[in-house]
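Quick notes on the structure that follows.
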Amino acid sequence: MVQMSLDHAFLPTPKDYERWKGQQKRIFNLLRDQEWHSRKSLVEVSGSANLTARISELRSQGYVIQCAQLKEGRTTYRILEYVGTSTTNPNHCPTCRCNKY
């Protein structure tokens with residue numbers, strides 16, 4: 001279902017990628033470098049403030065996405081890996097504003 005490129009970025013199959021909506025594609029394209037990205041940068045690239053729903057969709061597709069609350073009150077996200085099954089954690093806070101995983 002997902003392939004690793006030589007630069008370790010997680011890539012969905014072309015068929016899966018085509019089914020994704022624009023916001024989800026833009027968020028994935030930013031996160032796939034496995035670096036930390038601020039909530040603000042994800043909102044800017046996606047054009048939507050409903051970031052939590054897009055992150056949940058990626059998690060339900062098998063991506064492990066970590067979030068962390070910084071001291072300044074900013075939230076950051078990164079993709080850690082692809083495991084192939086849903087990584088949605090029912091004990092995770094609903095607004096995704098903590099570092100629980």
**OP:** List the atom of Ser48, the atom of Gln23, and the distance in Å for their closest heavy-atom pair.
**Re:** CB-NE2, 3.0 Å

Original post:
Which pair of non-hydrogen atoms, one from His37 and one from Asp33, has the smallest distance, and what is that distance?
Top reply: NE2-OD1, 2.9 Å

Original post:
Is any side-chain heavy atom of Leu51 less than 4.5 Å from a side-chain heavy atom of Thr75?
Top reply: no

**OP:** Give the C-alpha distance, both sets of side-chain angles, the deciding distance and a yes or no for side-chain contact (heavy atoms from CB on, under 4.5 Å) between Leu31 and Leu42.
**Re:** CA-CA 9 Å; Leu31 288 176; Leu42 290 168; 4.0 Å; yes

Subject >> Nearest-0.5 Å distance, OH of residue Tyr63 to OG of residue Ser56 >> reply: 15.0 Å

Subject >> Heavy-atom side-chain proximity of Arg39 to Thr76 below 4.5 angstrom >> reply: no

Original post:
Out of curiosity, Ile27 CD1 to Arg54 CZ, how far, rounded to the nearest 0.5 Å?
Top reply: 7.0 Å

Original post:
Can you find a pair of side-chain heavy atoms, one from Trp36 and one from Gln66, that are under 4.5 Å apart?
Top reply: yes

Original post:
With a 4.5 Å heavy-atom cut-off, do Val43 and Asn50 have their side chains touching?
Top reply: no

**OP:** Give, for atom CZ of Arg26 and atom OG of Ser46, the distance between the pair rounded to the nearest 0.5 Å.
**Re:** 6.5 Å

Subject >> Pairwise distance OG(Ser38) to CD(Glu72) - rounded to 0.5 angstrom >> reply: 11.0 Å

Original post:
Do Arg78 and Gln34 get their side chains close enough for a donor-acceptor pair, meaning under 3.5 Å?
Top reply: no

Original post:
Between Gln61 and Gln24, is any pair of side-chain heavy atoms under 4.5 Å apart?
Top reply: yes

Original post:
So among Leu58, Val64, Leu80, which one has a side-chain contact (heavy atoms from CB on, under 4.5 Å) with Thr87?
Top reply: Val64

